**Student:** 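Next up is a structure, given as structure tokens.
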There are 2 protein chains.
Amino acid sequence: MAADLDPEGPVPLYAQLAEVLRAQIVAGELQPNRPVPSELTLQQTYGVSRDTVRHALRVLREEGLVVAVRGKGTYVAGQG
Amino acid sequence: MAADLDPEGPVPLYAQLAEVLRAQIVAGELQPNRPVPSELTLQQTYGVSRDTVRHALRVLREEGLVVAVRGKGTYVAGQG
DNA sequence: GCCCATTTGTACGTATGTATG
DNA sequence: GCATACATACGTACAAATGGG
């Protein structure tokens, strides 16, 4: 599911996107040690810029929910 | 003293700038509860983009060394 | 080893919004 | 109203790492 984001709302787009992805992780739609959609895919899926995508992913990285690997992708964090 | 950054070196500009500012804070050249130079000033002083300046400041914020206050400035963290 | 596509990382430019003074 | 300053968000380009052919 790609719930639309609301550019008009008070919540920044990056925060909205982070929340969407966080929910998918918590719900198990995105599984541990499996890749999150690429930045390009997320851009196209949600109609936002890469800056916004990367800001959202940064939030999730800081929460320890995902791990980015250069040249490969961004993965849902595993057990450790 | 505005040590030049090295765009050719292996260390990212934002990391170099963060290190310069961190050193100034630790050395007391930038004092607690006093403002760090503005993003614009840092851009001009070091000849880097706003993104680079903001990235450097974000690093310092995450380290708890500075606190950004919207509409005012970025301040060296105080004791409490 | 080399080229190429993909993906994340870094860097810069610009515009607009929001808050303070 | 205006200037300053941080926050968000759009765009572009190139570098670096990975993996397939």
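These figures come from a predicted structure and were not determined experimentally. Throughout, a chain's letter reflects where its sequence line sits, starting with A, and its residues are numbered from 1.
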**Student:** From CG of A:Leu40 over to P of D:dC10, roughly how many Å is that when rounded to an integer?
**Tutor:**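 Rounded to the whole Å, the gap is 14 Å.
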**Student:** Looking only at side-chain atoms of A:His55, point me to the closest of D:dT8, D:dC10, C:dG9.
**Tutor:**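 Of D:dT8, D:dC10, C:dG9, D:dT8 is nearest to the side chain of A:His55.
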**Student:** Take B:Gly73 and A:Gly47, find for each the nucleotide of DNA chain D with the closest heavy atom, and name the residue whose nucleotide sits nearer the 5' end.
**Tutor:**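 The 5'-side residue here is B:Gly73.
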**Student:** Starting the side chain at C-beta, find the nucleotide from C:dT7, D:dC10, D:dA5 nearest to A:Ser49.
**Tutor:**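 Nearest to the side-chain atoms of A:Ser49, counting from C-beta on, is D:dC10.
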**Student:** Would you say B:Val20 and B:Leu5 make side-chain contact, with heavy atoms under 4.5 Å?
**Tutor:**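 Yes, their side chains come closer than 4.5 Å.
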**Student:** Between A:Val66 and A:Ile25, is any pair of side-chain heavy atoms under 4.5 Å apart?
**Tutor:**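 Side-chain contact under 4.5 Å: yes.
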**Student:** Report yes if the side chains of A:Val67 and A:Thr74 come closer than 4.5 Å at any heavy-atom pair, otherwise no.
**Tutor:**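 Heavy-atom side-chain distance check fails, nothing below 4.5 Å.
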**Student:** Heavy atoms from C-beta onward define the side chain here; which of C:dG17, D:dC10, D:dA9 lies closest to that of B:Arg70?
**Tutor:**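 Comparing C:dG17, D:dC10, D:dA9 against the side chain of B:Arg70, the answer is C:dG17.
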**Student:** How long is the gap from CD on A:Gln16 to CG on A:Asp4, to the nearest 0.5 Å?
**Tutor:**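 It comes to 10.0 Å.
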**Student:** Measure the distance from CG on A:Leu13 to P on C:dA15 and round it to the nearest whole Å.
**Tutor:**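 A:Leu13 atom CG is separated from C:dA15 atom P by 20 Å.
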**Student:** Is any side-chain N or O of B:Lys72 closer than 4.0 Å to OP1 or OP2 of D:dC6?
**Tutor:**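 Result: no.
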**Student:** Any side-chain heavy atom of B:Val59 within less than 4.5 Å of one from B:Tyr14?
**Tutor:**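 Contact flag for B:Val59/B:Tyr14 side chains = yes.
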**Student:** Counting N and O atoms only, with roles assigned by atom type, does the side chain of A:Thr41 sit under 3.5 Å from a partner on the main chain of A:Pro37, one being a donor and the other an acceptor?
**Tutor:**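 Checked: no pair found.
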**Student:** Atom CG of B:Leu57 to atom C1' of C:dA11: distance rounded to whole Å?
**Tutor:**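 Spelled out: CG on B:Leu57 to C1' on C:dA11 is 15 Å.
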**Student:** Grab the CG-P distance between A:Leu60 and C:dT8 for me, whole Å please.
**Tutor:**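 Distance, rounded to whole Å: 13 Å.
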**Student:** Quick one: bend of the helix from C:dC2-D:dG21 to C:dG21-D:dC2 from 5 pairs per end, to 10°?
**Tutor:**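 Computed from the C1' atoms at both ends, the axes differ by 10°.
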**Student:** Using OP1 and OP2 only, check whether a side-chain N or O of A:Tyr14 sits under 4.0 Å from D:dA9.
**Tutor:**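 A:Tyr14 to D:dA9 OP1/OP2: no side-chain N or O under 4.0 Å.
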**Student:** So which protein nitrogen or oxygen atoms get under 3.5 Å of nucleotides 1-3 of chain C's nitrogens or oxygens?
**Tutor:**
none

**Student:** Roughly how many Å is it from CG in B:Leu17 to C1' in C:dA11, rounded to a whole number?
**Tutor:**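 Whole-Å distance recorded here is 13 Å.
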**Student:** By nearest atom, which of the nucleotides D:dT8, D:dA7, D:dA9 is closest to the B:Glu39 side chain?
**Tutor:**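 Comparing D:dT8, D:dA7, D:dA9 against the side chain of B:Glu39, the answer is D:dA7.
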**Student:** For a quick test of reading the model: is some side-chain N or O of B:Thr74 closer than 4.0 Å to OP1 or OP2 of D:dA5?
**Tutor:**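 For D:dA5, OP1/OP2 do not have a side-chain N/O of B:Thr74 under 4.0 Å.
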**Student:** Quick check: any donor-acceptor pair below 3.5 Å linking the side-chain of A:Arg54 to the base of C:dT7?
**Tutor:**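 Donor-acceptor pair under 3.5 Å: no.
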**Student:** Say you draw a straight line from CG of A:Leu21 to CD of A:Glu63; how long is it, rounded to the nearest 0.5 Å?
**Tutor:**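 It is 10.5 Å, given to the nearest 0.5 Å.
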**Student:** Name the residue closer to the 5' end of DNA chain D, choosing between A:Val11 and A:Gly71 according to the nucleotide with the nearest heavy atom.
**Tutor:**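 The residue closer to the strand's 5' end, by nearest nucleotide, is A:Val11.
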**Student:** Once you round it to whole Å, what is the distance between C1' of D:dC6 and CG of B:Asp51?
**Tutor:**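 My rounded result for the distance is 14 Å.
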**Student:** Would you say B:Asn33 and B:Val76 make side-chain contact, with heavy atoms under 4.5 Å?
**Tutor:**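 No. Closest side-chain heavy atoms not under 4.5 Å.
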**Student:** Of the listed nucleotides (C:dT7, D:dA5, D:dA7), which one gets closest to any side-chain atom of B:Ser38?
**Tutor:**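 Within the option list, the nearest is D:dA5.
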**Student:** What integer distance in Å separates B:Gln43:CD from C:dT14:C1'?
**Tutor:**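 For the pair B:Gln43 CD and C:dT14 C1', the rounded distance is 11 Å.
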**Student:** May I ask you to test the B:Val48-B:Val53 pair for a side-chain heavy-atom distance under 4.5 Å?
**Tutor:**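 Yes. Closest side-chain heavy atoms under 4.5 Å.
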**Student:** Between atom CG of B:Leu42 and atom CZ of B:Arg50, what is the distance when rounded to the nearest 0.5 Å?
**Tutor:**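 It comes to 11.5 Å.
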**Student:** Can you tell me how far P of C:dC12 sits from OH of B:Tyr46, to the nearest Å?
**Tutor:**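 To the nearest whole Å, that distance equals 14 Å.
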**Student:** For B:Arg50 and B:Val53, find the nucleotide of DNA chain C closest to each by heavy atoms; which residue's nucleotide sits nearer the 5' end?
**Tutor:**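 Its nearest nucleotide lies further toward 5', so the answer is B:Val53.
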**Student:** Under a 4.5 Å cut-off applied to non-hydrogen side-chain atoms, are A:Glu19 and A:Gln24 in contact?
**Tutor:**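 Of all side-chain heavy-atom pairs linking A:Gln24 with A:Glu19, none is under 4.5 Å.
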**Student:** Can a side chain N or O of B:Thr52 be found less than 4.0 Å away from OP1 or OP2 on C:dC12?
**Tutor:**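 Affirmative; the distance criterion is met.
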